[in-house]
Colleague: 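The following block contains the structure, expressed as structure tokens.
First the proteins, then the strands, lettered A, B, ... as listed; each starts at 1.
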Number of protein chains: 2
Amino acid sequence: MTTIADIAKLAGVAKSTVSRYLNDGSVSEGTKKKIERVINETGYTPNAFAQSLKAKNTNIIGTIVPRLDSYATSRTLIGIDEQLKELNYQMLISNSNQHLETEIENIYTLAKQKVAGIILLAAEITEMHLEAFAKIDVPVLLVGQQHEHIYSVIHDDYHAAYEMGKYILDKGHKKIAYLGVTEKDIAVGVKRKQGFKESMKSTSDCEVKYYETSFNITEALEKVPEIIDSFQPSILVCATDNIALGAMKAASIKGLNIPKDLSITGFGGYEITGMIHPGLTTAKFFYQEAGQLAARSIVKLVRQEELELLNVSSFQLIFRESVDSIV
Amino acid sequence: MTTIADIAKLAGVAKSTVSRYLNDGSVSEGTKKKIERVINETGYTPNAFAQSLKAKNTNIIGTIVPRLDSYATSRTLIGIDEQLKELNYQMLISNSNQHLETEIENIYTLAKQKVAGIILLAAEITEMHLEAFAKIDVPVLLVGQQHEHIYSVIHDDYHAAYEMGKYILDKGHKKIAYLGVTEKDIAVGVKRKQGFKESMKSTSDCEVKYYETSFNITEALEKVPEIIDSFQPSILVCATDNIALGAMKAASIKGLNIPKDLSITGFGGYEITGMIHPGLTTAKFFYQEAGQLAARSIVKLVRQEELELLNVSSFQLIFRESVDSIV
DNA sequence: GACAAAAAAGGAACCGGTTCCTTAAGGTTT
DNA sequence: AAACCTTAAGGAACCGGTTCCTTTTTTGTC
């Protein structure tokens, strides 16, 4: 390993001069040349640890994700990474594997590594989270979930669900099943359901039933047949695309034709929803863009610039073949 | 920020004693208690940079991925992460966004950050890669691709394709289209094709044609109709599940029934292939397990232990509804 | 109780940078 | 030509740990 002292000796100058050359650059042309030559010859790069030790902070933004194998997560990470690179920050991914304790642990680990900021893609914010945020002296940004005291970037779950509700009413559906998730998840479990419920208020001759499942495709697959048998809805509104995919599979297994026998919708706008047959009608969220927004936002926080507490990313309904018109 | 000097002062001992307490632990019971109390009170954690600066290396394994939004990548990362945690190493993900130059850059960046080792999920190994590996003094492990001089963990692409070929011959197919990818990708582009070709040698009354597309779903979607029209195969063997998904969509759009009018197979074993209708017959690779193997392997390299140059992860054919029998 | 050996604790140097302070050199002003 | 300012460069301290070496304390043995 060559160090700054080696470079200094080889160039016949002091350490501080080399350091100055590398940073501000108040160095005469002659010595610049000398140092440049030596650095090129040796292929020297400064030791990042020594720099960070002195600087007491880094340009690293830690990003904690609940899982890596999810379209939403991946796209969000891509957006974050893209934007951070542009802002000269680096992304450090920390996977908590849908494990609450690991998630908390990761917060502390990142803090210990002196990251400049933390982006948290959480499904749920607990007391332990708040405690961790308070203890560490690092700005935190939530993505996908909101909280009254923490900066966040969220998707417009409420209005997406509202518009989706309006749309299926337009299509004439009267027997509607909504398949949601746990209310611990404010965004997906609460907001989407609220938006949907609100849209249902505009009509009175509809029968709407609400069910709950997990985020797991296979669990949806198991739960759906029962819903179909007992309630016989004309449409199944699923709180995520994955649930919708499970529902479609379940319907296919039962020999039902989508959308003739049963319409299905999702939320998310995963790429796969356009590739299957029939295509799935869904509300598309802009994960990558939200990731970019999150990156810009956390950097603002790091730089102590002004930022809205709540930042909303938009959505777009995508109409495909999985919804039939009832006449 | 509290430092080890603060702790030492508060506990009334020397810095070195605190350090010893934190590491080997050759400290008397009495002082242990004192130090422990102070550390608990202050919530002190050692500065990772100072430690790394002295230690001259880290327990971080850098993992370079070509893209984040791929099932194979995600699963592999999960496996790596899981296993590294167990071995007390940390994973640092670096995304090259399918950009060769970024990939090379990332190699150098990771080396500069003094990672203990690098796992590279590459699609292609160029001269620039080899040059980078030679320059940096960090062990490197390839995943998914092999190279005569570099340690690697690969999937058994050759035999998976061979078995797949055998299977579809068994099913009686005679007009077979193979839709592959660029031969720059040794694993997917070359090995799968080779294995498949080998299996085709066992018969003489088959017409087999080879085509090429990209890894992109939409490109497959565009290319497939032409293949169907000009060649009219009874089966389309796709080199990846994504290509197969594109092909299925294309077939659906043309109004073809899968598998009656056209059989389709893939490679990969993505979860979604079991969720669509009809289910896709595919060769499943064990990405997560391969990731774990990769983690164990890179750690062996870091510790300068013995390791085979080539480590092969197995596969399993999954038979679903997308392949018909020709009688 | 004296003495040797072992254990515990202290002190200083070091890791590789950055930065502050000081000195030296060169240029300008009067 | 002296006084002053500016620019360039050197030297030393510092960031927060670890480790080696030395000194002090404890323990055990005769």
Side-chain angles (χ1 to χ4, degrees), chain A residues 1-39 42-60 90 109 111-116 136-138, chain B residues 1-39 42-60 88 90 108-109 111-116 136-138:
Chain A
M1 242 352 276
T2 73
T3 71
I4 199 170
D6 300 333
I7 303 297
K9 196 181 293 174
L10 286 171
V13 298
K15 269 171 65 177
S16 47
T17 307
V18 179
S19 178
R20 237 174 284 125
Y21 164 83
L22 291 168
N23 299 299
D24 28 78
S26 165
V27 178
S28 74
E29 278 307 314
T31 41
K32 254 184 201 165
K33 286 266 154 56
K34 277 193 292 183
I35 296 173
E36 196 177 353
R37 211 176 49 83
V38 175
I39 287 182
T42 54
Y44 163 80
T45 58
N47 182 315
F49 295 120
Q51 290 181 313
S52 301
L53 173 58
K54 185 70 184 178
K56 292 194 165 191
N57 62 44
T58 63
N59 64 339
I60 297 173
Q90 213 203 325
T109 307
K112 187 179 160 184
Q113 289 179 37
K114 302 272 186 293
V115 295
I136 64 173
D137 188 28
V138 178
Chain B
M1 239 354 275
T2 73
T3 72
I4 199 170
D6 300 334
I7 303 298
K9 196 181 291 173
L10 287 170
V13 298
K15 269 171 64 176
S16 45
T17 306
V18 179
S19 177
R20 236 175 285 124
Y21 165 84
L22 291 168
N23 300 300
D24 29 77
S26 166
V27 178
S28 73
E29 279 307 314
T31 41
K32 255 185 203 167
K33 288 263 154 54
K34 277 192 292 183
I35 296 174
E36 195 176 352
R37 211 176 47 83
V38 174
I39 286 183
T42 54
Y44 164 79
T45 58
N47 181 315
F49 296 121
Q51 291 181 311
S52 301
L53 172 58
K54 184 69 183 178
K56 292 195 164 189
N57 62 44
T58 61
N59 64 341
I60 297 173
N88 280 313
Q90 211 203 330
Y108 288 113
T109 307
K112 187 179 160 184
Q113 289 179 37
K114 302 274 185 291
V115 295
I136 65 173
D137 189 27
V138 178

Colleague: Roughly, in whole Å, what's the span from CG in B:Asn23 to P in D:dG16?
Modeller: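 After rounding, the gap between these two atoms is 17 Å.
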Colleague: When all nucleic acid strands are considered with a 4.0 Å heavy-atom cut-off, which category describes A:Gly30: base, sugar-phosphate, or nothing?
Modeller: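 No contact at all - A:Gly30 keeps every heavy atom at 4.0 Å or more from the nucleic acid.
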Colleague: Does B:Thr17 put a side-chain nitrogen or oxygen below 4.0 Å from OP1 or OP2 of C:dA9?
Modeller: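 False: B:Thr17 side-chain N/O out of range (4.0 Å or more) of C:dA9 OP1/OP2.
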Colleague: By nearest nucleotide on DNA chain D, pick out whichever of A:Ser26 and B:Asn47 is the more 5' one.
Modeller: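 Result of the comparison: A:Ser26.
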Colleague: Round to a whole Å and report the spacing from CZ of A:Phe49 to P of C:dT18.
Modeller: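 Interatomic distance, CZ of A:Phe49 to P of C:dT18: 15 Å.
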Colleague: What is the separation between atom NZ on B:Lys54 and atom C1' on D:dG16, rounded to the nearest whole Å?
Modeller: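 One finds 11 Å between C1' of D:dG16 and NZ of B:Lys54, rounded.
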Colleague: Please determine whether side chain to side chain contact (heavy atoms under 4.5 Å, CB included) holds for the pair B:Lys114 and A:Asn47, giving the CA-CA distance in whole Å, both sets of side-chain angles, and the decisive distance to 0.1 Å.
Modeller: CA-CA 8 Å; B:Lys114 302 274 185 291; A:Asn47 182 315; 3.9 Å; yes
Colleague: Whole Å only: how far is the NZ atom of A:Lys9 from the P atom of D:dG10?
Modeller: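 Roughly 14 Å, once rounded to whole Å.
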Colleague: Could you tell me whether the side chain of B:Lys15 has a donor or acceptor atom within less than 3.5 Å of a complementary atom in the base of D:dG17?
Modeller: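 In this structure, the two groups form a donor-acceptor pair.
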Colleague: Do A:Gln113 and A:Ile60 have side chains that approach each other closer than 4.5 Å (heavy atoms only, starting at C-beta)?
Modeller: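 They are not in contact (no side-chain heavy atoms under 4.5 Å apart), so the answer is no.
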Colleague: Assuming nearest nucleotide by heavy-atom distance, tell me which of B:Ser28 and B:Lys56 is located more 5' along DNA chain C.
Modeller: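 On the 5' side of the pair lies B:Ser28.
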Colleague: OP1 or OP2 of D:dG16 less than 4.0 angstrom from a side-chain nitrogen or oxygen of B:Thr3, does that happen here?
Modeller: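 It does not, given that no N or O in the side chain of B:Thr3 lies less than 4.0 Å from OP1 or OP2 of D:dG16.
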Colleague: What do the steps show when you test B:Tyr44 against B:Ile4 for side chain to side chain contact (heavy atoms under 4.5 Å, CB included), and what is the final call?
Modeller: CA-CA 8 Å; B:Tyr44 164 79; B:Ile4 199 170; 3.6 Å; yes
Colleague: Taking atom types as they are modelled, would you say the side chain of A:Ser19 forms a donor-acceptor pair with the base of C:dG17 within the 3.5 Å cutoff?
Modeller: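 Result: no qualifying N/O pair found.
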Colleague: Could you tell me how far apart B:Leu53 (CG) and C:dT18 (P) are, to the nearest whole angstrom?
Modeller: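 Rounding to the nearest Å, CG of B:Leu53 and P of C:dT18 are 12 Å apart.
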Colleague: So, does the side chain of B:Arg20 form a donor-acceptor pair with the base of C:dA9 at under 3.5 Å?
Modeller: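 Yes.
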Colleague: If you only use heavy atoms from C-beta on, which nucleotide in C:dG11, C:dC14, C:dG17 is closest to the side chain of B:Ser16?
Modeller: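 Out of C:dG11, C:dC14, C:dG17, the nucleotide with an atom closest to B:Ser16's side chain is C:dG11.
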Colleague: Compare every heavy atom of A:Arg20 with every heavy atom of A:Ser26, then report the nearest pair and how far apart it is.
Modeller: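 Distance-wise, the nearest heavy atoms are O-CD, 4.0 Å.
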Colleague: Can you tell me if the side-chain N/O atoms of B:Tyr21 get under 4.0 Å from OP1 or OP2 in C:dG10?
Modeller: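 No, no such contact exists.
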Colleague: Less than 4.0 angstrom between a side-chain N/O of B:Thr31 and OP1 or OP2 of C:dA9, yes or no?
Modeller: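 True: B:Thr31 side-chain N/O within range (under 4.0 Å) of C:dA9 OP1/OP2.
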Colleague: Are OP1 or OP2 of D:dT18 and a side-chain N or O of B:Gln51 less than 4.0 angstrom apart?
Modeller: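 Result: yes.
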Colleague: Thinking salt bridges, do A:Lys32 and A:Glu29 make one under a 4.0 Å N-O criterion?
Modeller: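 Here A:Lys32 pairs with A:Glu29 in a salt bridge, since their nearest N and O are under 4.0 Å apart.
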